[in-house]
Amino acid sequence: MTQVNIINIDSPFLDQKPGTSGLRKSTLQFQEEHYLEIFIEAILQSFQYLERSTLIIGGDGRYGNLEAIEKIIQICVAHKVKKVIVPKDGLLSTPATSNLIRKENAIGGIILSASHNPGGIHGDFGVKLNVSNGGPAPETITNKIYKSSQLLTSYKICNVHSPDLSKYGTYSFGDTILEIIDGLKDYSFLMETIFDFDQISDFLKKDFSFIFDAMNAVTGPYAKNIFVEKMGLSNDSVMNGISLKDFGGLHPDPNLTYASHLADLLLNKKSYSFGAACDGDGDRNMILGRGCFVNPSDSLAIITANTSFVPGYKEGITGVARSMPTSSAVDIVARELSIPCFETPTGWKFFGNLLDANLISICGEESFGTGSNHVREKDGLWAVLYWLQVLAEKKCSVNDLMQNHWNQFGRNYYSRHDYEAIPSNIADQIFGNLTCMLKNLKGSKFAGSLVKEADNFSYSDPIDNSISENQGLRIILDDNSRIIVRLSGTGTKGATLRLYFEKFFTPKQNLSLNPQVALKPLIDDVDNLLNISKLTKMENPTVIT
Ligand code: G1P
Ligand code: ZN
């Protein structure tokens, strides 16, 4: 018999509401006694019929991953969960988790990751909950979990000895079956059903040099399985391909600042035809060509315009969606294809209902996230394979593909400026000032144009009619240029202010400007309006995309 221990706790202490990305905190905080356990207890209490259900548990391999999995198994046994599935070595990317939940008809999945935040003892840790459609838990559920975590006075745990997670196997603990499985196989198989691996591999072997950067995080084993084992490329095509607890000191956020080593290889040294990177848990992607960077908003538009070249989407797509701050480049393509284009708030969870209802097939965010109806998460390696498939079919360079796209549809110059880890009161002051100014901005002059609209974005979900308010401040000009201001919901230090700039140029205008130059009038006027450099005491943003 497995003995259930009831552990009493002095006071409920989840100090933060779990958001879209679950609960993200410093590793040290997660190591405080009972902290992880309480959150898991609250998660399990939010489910019904655990004794008949399967739960998936995996993570991105960061510091604390295996220990957390062992603890969660012990709590699952105490709750008599029917079956717990854990990948070998505890490594499972976020999109692979989403796939596995759907394939196994699981009630949900617990993903141990702080996504693109640094790992290690001095980095961050996180717990994310996905539900039975494979997507992130909606707010109704995270609110319920938060509430129940505040009321808890104890949690249940069984002191079972966890088996070696580096070996496959099936075990039985009390009423719970534990399966340790191959975490790569199902995901790679899914990719093979969408893309033509032979065609991509022929193309890459012949005339197209390729490098993938796993940033020492979870996608290393997946990329090796797909590119080296299945496609037969050399081992060197995957760099930083071993999952390390501290990501080898890298900050696994695939952008020009934190993946500057890759950017240098492609943009300065021009050593490869194609380069790509993914983040800690494998849902984000950055695409680079020889001498060029693909803005994620453009990537979404190009993906949408080229579905006929990708086996998985040859039959056509029903519609697309983008988060509000993402540029409107994809809207132009959708209009051309006569398919609907939805504008949702920031966060992948808002795509879930649209995907489930088959109103959209492809969706994306400016924050290096693109995906489709194949899972319910954004998917980094999927995006990389998608680009390779289109290039293999068209036999052209990344730069040619982008130029041809802009020549056809026009170019939405776009940039995001992040002011990371600034004092919260300063971020609130800047945000509050703009909120107060909004109603007077309409009709006034801004960067040489008239302000057509100035508001705080709110979204009504077409499926469940739920309303999400306060989703970002927007200034829209009469030439459809946009400036958006948001406060990040995923940072763990101070506050992060995000500014987004967009301006459309027709195919007849200059399409080869540096975006910072094309957008300068907007950038300067926002700084004048909001005094950002002065208030933050920062001459430049921390990250410019
Ligand atoms: C950020 C991105 C957002 C993404 C989220 C989770 O959120 O901006 O698009 O969905 O991470 O990956 P933010 O920090 O802006 O709230
Ligand atoms: Zn991520």
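Model, not experiment: these values are computed from the prediction. In each ligand, atom 1 is the first atom listed, and ligand 1 is the first ligand listed.
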query: Considering distance alone, does some N or O of G489 sit under 3.5 Å from an N or O of ligand 1?
result: yes
query: Does any N or O atom in R486 lie less than 3.5 angstrom from one in ligand 1, N or O only?
result: yes
- request: Mind running side-chain hydrogen bond (donor to acceptor under 3.5 Å, both in side chains) on D379 and Y187 for me, showing each step along the way?
  value: CA-CA 11 Å; D379 188 345; Y187 179 79; 2.6 Å; yes
Which of the numbered atoms in ligand 1 are under 4.0 angstrom from any heavy atom belonging to [X]?
| X | answer |
| --- | --- |
| G347 | 10 (O) |
| S367 | 2 (C), 3 (C), 4 (C), 8 (O), 9 (O) |
| R498 | 8 (O), 13 (P), 14 (O), 15 (O) |
| T346 | 3 (C), 9 (O) |

If you count every heavy atom of other residues, nucleotides or ligands that lies below 6.0 Å from [X] atom [atom1], does the total exceed 12?
| X | atom1 | value |
| --- | --- | --- |
| H261 | NE2 | yes |
| E420 | CD | yes |
| K230 | NZ | yes |

statement: So for S488 against ligand 1, with non-hydrogen atoms under 4.0 Å, the contacting part is both
message: Suppose you place the vertex at the Zn ion (ligand 2); what is the angle out to D279 OD2 and D281 OD1, to 10°?
response: 90°
message: Test of geometry: compute the angle OD1(D283)-the Zn ion (ligand 2)-OG(S115) and round it to 10°.
response: 160°
- prompt: Would T545 and N255 count as having a side-chain donor-acceptor pair, cut-off 3.5 Å?
  reply: no
message: Any salt bridge linking E377 with K128? Criterion: basic side-chain nitrogen under 4.0 Å from a carboxylate oxygen.
response: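 Counted as a salt bridge, because a side-chain N and a carboxylate O are separated by less than 4.0 Å.
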field: Winner among E365, R284, K349 once heavy atoms are compared against atom 11 (O) of ligand 1
entry: R284
statement: Candidates R416, K378, E420, K128; heavy atom nearest atom 6 (C) of ligand 1 found on K378
- prompt: Taking E365 as the fixed residue, which of K378, R486, R322 is the one that meets the salt bridge (Lys or Arg N to Asp or Glu O under 4.0 Å) rule?
  reply: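 Of K378, R486, R322, salt bridge (Lys or Arg N to Asp or Glu O under 4.0 Å) with E365 is met by K378 alone.
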field: Side-chain heavy atoms of M402 within contact of V294, under 4.5 Å
entry: yes
